[in-house]
Amino acid sequence: MSKVLLVSYVGYPSTPAQLVANPWLATQLAALQAAGHDALALDYGTVTMMRRLYPEALTARLKPMVAGMKGGGQLDENGLRMLQDLDRMLDAHQEQVAAEVRQELLERIERDRPQVVVFELGDGDGYTATVQMAEAVRERFPELLIAAGGRKAAWFRGLIHKSTRAFDAVIHGDPEGVVVALAGLQSRSGLSAVPGLTTAEGENDRVETGSLDDLPLAVYDPAVYPAMAGDDKIKMAIISETRGCGNRCAFCSHPWEDGLHQRQMSPNRLVDTMQGLQERYGMSVFRYGGASTPAELMYEAAREILRRGLQVQYNSFGHYRTAWPEHFETLAKSGLYSLFFGLESGSQDILDKAVHKGIKLQQVRDTMQAARAAGIFAAASMIVPLPFDTEATLAESLQFITELRPDSVPLQFPGLMPGSRWIADPARYNIEVGDTEKFLLDGLDYKFKLLFPPQYWQPLPYKVNGMSFHEFTGVTMKFGMQLEMAGLLTNFSHTLAAIAKSAGLPPRQLRDLAQLWCVTGDAEGMGEMIARANAAMIRPSSA
């Protein structure tokens with residue numbers, strides 16, 4: 001039996017969704033326990049860590065300043081200078097806290113003496129701080145086997161070894177079997193024989209779970225996952241009901257991360273998982289974590305939920321091309337509260353040329369109408385601007401989405417992700433990026449600046465439709481303001497919709513409050529909302 005320490009440090013949260021119970025930690029704990037290993041998960045994505053990462057004095061200064069900001073993110077010279085000064089103070093404070101956490105981790109390892117440490121890699125400061133933790137562990141405990149896991153590891157793989165020597169291996173493919181194999185190794189010499197690993201020498205073959213039905217029930221026990229005690233985390237469970245995606249949307253990394261063919265849990269096993277988590281931990285709000293949950297699986301699981309009389313609430317990704325609108329009423333009755341659909345554009349020409357989703361706008365209209373008629377909160381995400389967008393196609397998109405009137409429109413600027421078609425063949429999509437490997441390496445620790453709108457962030461070195469980063473993010477901001485002026489809710493996901501329902505808050509109110517809490521470091525406001533949400537998410541009869 002080996003001791004394994006799992007560590008996840010996301011840095012400062014930009015949304016309440018980053019405080020949801022971590023499924024990567026919970027599933028690795030389950031796999032390790034099932035294999036007879038001793039495992040502990042340290043999750044720093046908590047309300048407590050949010051409080052540590054933001055000094056109270058800075059919160060007091062920012063609250064009135066942010067509350068008084070008007071307009072679409074435009075700042076006058078004095079306001080910009082003040083925010084830049086505060087941002088530098090915040091960076092310095094958060095670097096100091098990260099150093100404190102690093103020392104705490106070293107003391108924990110000194111005390112517990114694990115044989116393997118696996119770090120989940122995050123974004124921005126979360127990535128930087130995690131790498132610094134791993135490097136400190138490598139220096140203090142050179143005999144330890146140290147690996148990197150999580151979505152970012154699966155995306156960047158060998159590039160991570162080029163940015164740091166902290167990790168013996170980077171995990172890609174299904175992680176559960178790989179983590180168990182790492183726990184069973186007696187030396188680093190066996191790494192080359194473990195499928196699903198990338199080492200400094202190269203990338204091993206992928207490994208995939210034989211059947212998702214065989215995965216053990218995720219572990220959220222505070223005894224081995226201490227962050228789950230109290231209300232430090234949002235107690236929503238994310239379930240891997242599918243892995244892999246064959247849709248091949250041009251901008252997306254999911255096929256690169258999980259494989260091109262989709263694997264599914266059986267409907268009975270999916271419902272067994274929900275029921276098991278409810279019985280063991282009282283958890284009654286769930287999110288299907290797959291990239292595109294098949295309509296048939298969703299429908300059959302809904303029927304099984306109703307047959308068993310389970311009282312649950314859940315949310316999921318959907319796909320316009322494969323949705324079954326005639327079954328939305330059954331889904332809603334079973335507890336489906338919110339669906340997230342990737343629309344990306346309201347121009348059929350742009351969808352066909354830049355996105356390759358294989359959908360028609362009439363399908364979008366029919367699906368959204370049916371979802372809303374069934375009482376399902378329906379989000380339609382957009383990427384603005386897309387490759388080949390013009391003023392005319394953007395106007396077409398704006399008209400389409402304002403007529404469609406989804407419950408929310410999560411909006412983002414075009415990003416370049418590892419494994420996507422956009423970055424594999426940028427010229428085909430009217431994108432200029434230069435040296436792709438250098439671009440990805442430089443972007444490993446890119447930080448989103450919460451105090452500023454995107455046009456004030458450090459510019460990323462790529463162009464879309466001939467526009468620089470500041471130019472195309474300006475288009476994104478303008479489009480978002482137009483949506484808000486039309487009465488549409490932006491920057492609000494299906495996950496946040498489920499949190500809002502549990503917390504008893506209207507969606508727009510939670511969106512606005514959450515932005516204020518995150519920008520000003522109001523951990524008390526965030527914590528009070530999470531406590532209310534958890535009170536509704538956990539069934540009183542649970543043990």
Side-chain angles (χ1 to χ4, degrees), residues 6 8 16-34 39-49 212-213 215-241 265 267-289 301-302 304-316 331-338 377 494-505 510 526-543:
L6 305 168
S8 178
Q18 290 180 299
L19 301 176
V20 169
N22 188 316
W24 186 86
L25 292 175
T27 54
Q28 305 325 303
L29 280 173
L32 288 163
Q33 286 188 355
L40 177 71
L42 298 182
D43 185 349
Y44 293 97
T46 63
V47 175
T48 296
M49 185 53 58
L212 298 186
D213 283 8
L215 292 174
L217 191 70
V219 171
Y220 294 98
D221 185 346
V224 292
Y225 187 168
M228 290 301 294
D231 292 311
D232 246 355
K233 301 288 291 184
I234 298 172
K235 295 179 179 179
M236 177 191 302
I238 301 174
I239 301 171
S240 292
E241 88 298 341
M265 274 187 181
N268 278 346
R269 176 57 179 168
L270 175 52
V271 181
D272 285 345
T273 300
M274 299 166 82
Q275 186 170 357
L277 291 172
Q278 188 179 80
E279 291 174 350
R280 185 171 298 181
Y281 305 111
M283 302 170 94
S284 61
V285 178
F286 305 95
R287 195 187 92 196
Y288 294 170
E304 183 63 17
I305 289 169
L306 291 170
R307 188 189 70 78
R308 299 188 192 186
L310 289 183
Q311 298 299 308
V312 296
Q313 177 193 312
Y314 61 102
N315 54 94
S316 177
L331 297 178
K333 287 179 180 177
S334 73
L336 177 68
Y337 176 70
S338 53
F377 184 99
H494 61 316
T495 301
L496 292 179
I499 295 169
K501 185 177 188 298
S502 295
L505 293 171
L510 177 62
M526 183 74 80
E528 290 172 4
M529 181 277 292
I530 289 175
R532 291 197 305 272
N534 283 341
M537 289 181 175
I538 301 298
R539 291 175 60 84
S541 59
S542 64

**Student:** Please determine whether side chain to side chain contact (heavy atoms under 4.5 Å, CB included) holds for the pair Ile538 and Tyr281, giving the CA-CA distance in whole Å, both sets of side-chain angles, and the decisive distance to 0.1 Å.
**Tutor:** CA-CA 8 Å; Ile538 301 298; Tyr281 305 111; over 6 Å; no
**Student:** Are the side chain of Gln278 and the backbone N or O of Gln311 linked by a donor-acceptor pair below 3.5 Å?
**Tutor:** yes
**Student:** Would you compute the distance between atom CG of Leu217 and atom CZ of Arg269 and round it to the nearest 0.5 angstrom?
**Tutor:** 6.5 Å
**Student:** Can you see which heavy atom on Leu32 is nearest to which on Ala39, and at what distance?
**Tutor:** CD1-CB, 3.7 Å
**Student:** Between Phe286 and Thr273, does a side chain to side chain contact (heavy atoms under 4.5 Å, CB included) hold up when you go through it step by step?
**Tutor:** CA-CA 10 Å; Phe286 305 95; Thr273 300; over 6 Å; no
**Student:** Any idea which heavy atoms bring Pro23 and Tyr220 closest together, and the distance?
**Tutor:**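 In terms of heavy atoms, the two residues are closest at CA-OH, 4.0 Å.
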**Student:** Does any part of the side chain of Asn22, heavy atoms only, come nearer than 4.5 Å to the side chain of Tyr225, both counted from C-beta?
**Tutor:**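 Touching, per the 4.5 Å side-chain cut-off.
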**Student:** Less than 4.5 Å apart, any side-chain heavy atom of Leu505 and any of Arg532?
**Tutor:** yes
**Student:** What pair of heavy atoms forms the shortest contact from Leu40 to Ala223, and how long is it?
**Tutor:**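 Minimum heavy-atom separation between Leu40 and Ala223: CD1-O, 4.2 Å.
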**Student:** Arg308 and Gln275: side chain to side chain donor-acceptor pair (under 3.5 Å), yes or no, with the steps?
**Tutor:** CA-CA 9 Å; Arg308 299 188 192 186; Gln275 186 170 357; 2.7 Å; yes
**Student:** Measure from the side-chain N and O atoms of Asn315 to the backbone N and O of Leu336, and report whether any donor-acceptor pair falls under 3.5 Å.
**Tutor:** no
**Student:** Would you please name every residue forming a salt bridge (charged side-chain N to carboxylate O under 4.0 Å, His left out) with Asp213, sequence neighbours left out?
**Tutor:**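 None.
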**Student:** Compare every heavy atom of Leu277 with every heavy atom of Ala237, then report the nearest pair and how far apart it is.
**Tutor:** CB-CD1, 3.8 Å
**Student:** Kindly indicate, with the supporting measurements, whether the criterion side chain to side chain contact (heavy atoms under 4.5 Å, CB included) is fulfilled by Glu304 and Asn268.
**Tutor:** CA-CA 7 Å; Glu304 183 63 17; Asn268 278 346; 3.4 Å; yes
**Student:** Using the rule side-chain contact (heavy atoms from CB on, under 4.5 Å), only one of Thr48, Leu42, Thr46 pairs with Tyr44; which is it?
**Tutor:** Leu42
**Student:** So how far is it from Ile499 CD1 to Ile234 CD1, rounded to the nearest 0.5 Å?
**Tutor:** 3.5 Å
**Student:** Any side-chain heavy atom of Tyr314 sitting closer than 4.5 Å to one from Ile239?
**Tutor:**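 Of all side-chain heavy-atom pairs linking Ile239 with Tyr314, none is under 4.5 Å.
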**Student:** What are the two closest heavy atoms between Leu25 and Ser8, and how far apart are they?
**Tutor:** CD1-CB, 3.9 Å
**Student:** Do Leu270 and Tyr288 come close enough that some side-chain heavy atom pair is under 4.5 Å?
**Tutor:**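 Answer yes - side chains close enough.
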**Student:** Can you name the closest pair of heavy atoms from Ala41 and Pro226 and give their distance?
**Tutor:**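 That closest heavy-atom pairing would be O-CD, 3.2 Å.
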**Student:** Can you tell me how far apart CG (Leu310) and CE (Met274) are? Round to the nearest 0.5 Å.
**Tutor:**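 Result: 7.5 Å between the selected atoms.
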**Student:** Spell out, as yes or no, whether a donor-acceptor pair under 3.5 Å connects the side chain of Lys235 to the backbone of Ile530.
**Tutor:**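 No; judged by distance alone, with no hydrogens or angles, the pair does not exist.
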**Student:** With heavy-atom distances below 4.5 Å as the criterion, would you say the side chains of Gln33 and Pro216 are in contact?
**Tutor:** no
**Student:** With side-chain hydrogen bond (donor to acceptor under 3.5 Å, both in side chains) as the rule and sequence neighbours excluded, what pairs involving residues 495-504 come up?
**Tutor:** Arg287-Thr495
**Student:** Could you check whether any side-chain N or O of Asn534 sits under 3.5 Å from a backbone N or O of Asp232, counting only pairs where one atom can act as donor and the other as acceptor?
**Tutor:** no
**Student:** If only atom types and distance count, is the side chain of Ser284 paired as donor or acceptor with the main-chain N or O of Met537 below 3.5 Å?
**Tutor:** yes
**Student:** Drop me the distance from Leu306's CG to Lys333's NZ, to the nearest 0.5 angstrom.
**Tutor:**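 Output value for this atom pair is 8.0 Å.
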**Student:** Taking the side chain as C-beta and beyond, is there a heavy-atom pair between Ser316 and His494 under 4.5 Å?
**Tutor:** no
**Student:** Start with the C-alpha distance between Thr27 and Leu215, add both sets of side-chain angles, then the distance that settles side chain to side chain contact (heavy atoms under 4.5 Å, CB included), and finish with yes or no.
**Tutor:** CA-CA 8 Å; Thr27 54; Leu215 292 174; over 6 Å; no
